[in-house]
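Step one of this worksheet: look at the structure below.
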Amino acid sequence: MKSPRIQAALLSLIAAGLLTATQTHAFGLDSLKSAAGAALSANGQGSDNAGADTLAQQQDALMQRFNASMNNMLTAQAKTLEATGQSDLASRTLAAAANYAQGATADGATIAADTELTSSNQALIQSLLSQTGTLNGENRNTLAEAIPYYQNGLKEGSMLSGAFQSWLDSAKGSAGSLLSNPMAAGELTSSISEASTVARNLPSLINAWSGTSQSFLTLANANQLDAGQIQSILAALN
């Protein structure tokens with residue numbers, strides 16, 4: 001059982017919002033670093049365990065944020081593809097999105113494959129701009145359904161690189177203090193591996209997410225859809 005001191009430390013992090021997976025804004029990265037460092041700077045085996053637990057909670061929250069971003073952006077691409085007549089690829093993309101909705105995405109090969117799918121979707125959607133004019137009622141409605149997915153996925157996803165890198169820096173710096181606790185060290189090593197897999201793919205993903213969103217914005221404007229929030233998010237990223 002965790003000591004009252006450890007429980008209080010974890011509860012204080014939760015109250016501060018550092019361990020909440022459903023945030024719509026970036027982690028307070030300075031606070032995250034200082035919280036991880038403080039947990040691991042205290043002396044004694046108990047404090048090492050508390051630090052490992054804290055890092056594990058933070059990594060789990062980051063993975064949930066990544067899953068949500070992938071689910072949103074793949075769903076947004078799928079609806080864009082469906083609206084422009086690419087029904088088979090839209091179905092494949094929706095199936096990939098569903099995996100992230102379920103949260104089962106630690107597998108490196110799957111993440112790499114879905115990164116490639118996201119990039120190839122982006123290239124296709126870009127090429128469709130010259131072929132797609134005003135959409136009919138049903139397809140226009142499908143295109144409109146993509147708007148909240150772009151908004152949520154792009155806003156959250158654009159901040160993931162910094163959040164993952166900050167966590168990795170803290171976790172790698174803390175690993176040495178767990179040498180006396182092989183179980184905690186093994187769990188932290190596994191968490192570092194999962195986070196590193198995501199971090200490697202994020203540059204390509206974010207590039208594809210931004211490019212797809214730009215293309216979608218062009219389609220939305222051509223079809224007189226209100227995508228002003230997407231435009232504002234893209235402007236803030238540039």
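Here Ser213 contributes atom OG and Gln231 contributes atom CD; the two are 12.0 Å apart, rounded to the nearest 0.5 Å. To the nearest 0.5 Å, atom CG of residue Leu128 and atom OG of residue Ser215 are 9.0 Å apart. Here the straight-line distance linking atom OG1 of Thr84 with atom CG of Leu143 works out to 8.0 Å at 0.5 Å rounding. With values rounded to the nearest 0.5 angstrom, Asp114 atom CG is found 5.0 Å from Met70 atom CE. Between atom CG of residue Leu89 and atom CG of residue Leu117 there is a gap of 6.5 Å, rounded to the nearest 0.5 Å. Taking CG of Leu202 as the reference point, atom CG of Leu160 lies at 5.5 Å (rounded to 0.5 Å).
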Evaluate Gln165 against Asp169 for side-chain hydrogen bond (donor to acceptor under 3.5 Å, both in side chains), listing each step before the verdict. CA-CA 6 Å; Gln165 191 56 57; Asp169 290 344; 3.0 Å; yes

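Thr115 and Asn201 share a donor-acceptor pair across their side chains, judged by distance under 3.5 Å alone. Side-chain atoms of Asn72 and Tyr100 include no donor-acceptor pair closer than 3.5 Å. Between the side chains of Glu156 and Asn152, no donor N or O sits under 3.5 Å from an acceptor N or O. Checked by atom type, the side-chain pair Thr93/Gln77 shows no donor-acceptor distance below 3.5 Å. A side-chain N or O of Asp60 and one of Gln64 form a donor-acceptor pair less than 3.5 Å apart. Side chains of Tyr150 and Thr212: a donor-acceptor N/O pair is absent below 3.5 angstrom, by distance only.
Between Phe164 and Ser196 the shortest side-chain heavy-atom distance does not fall below 4.5 Å. In this structure the side chain of Asn136 reaches within 4.5 angstrom of the side chain of Asn139, judged on heavy atoms. Side-chain contact between Ser91 and Asp88 is absent, with no heavy atoms from C-beta onward closer than 4.5 Å. Counting heavy atoms from C-beta outward, Gln126 and Gln122 have side chains that approach closer than 4.5 Å.
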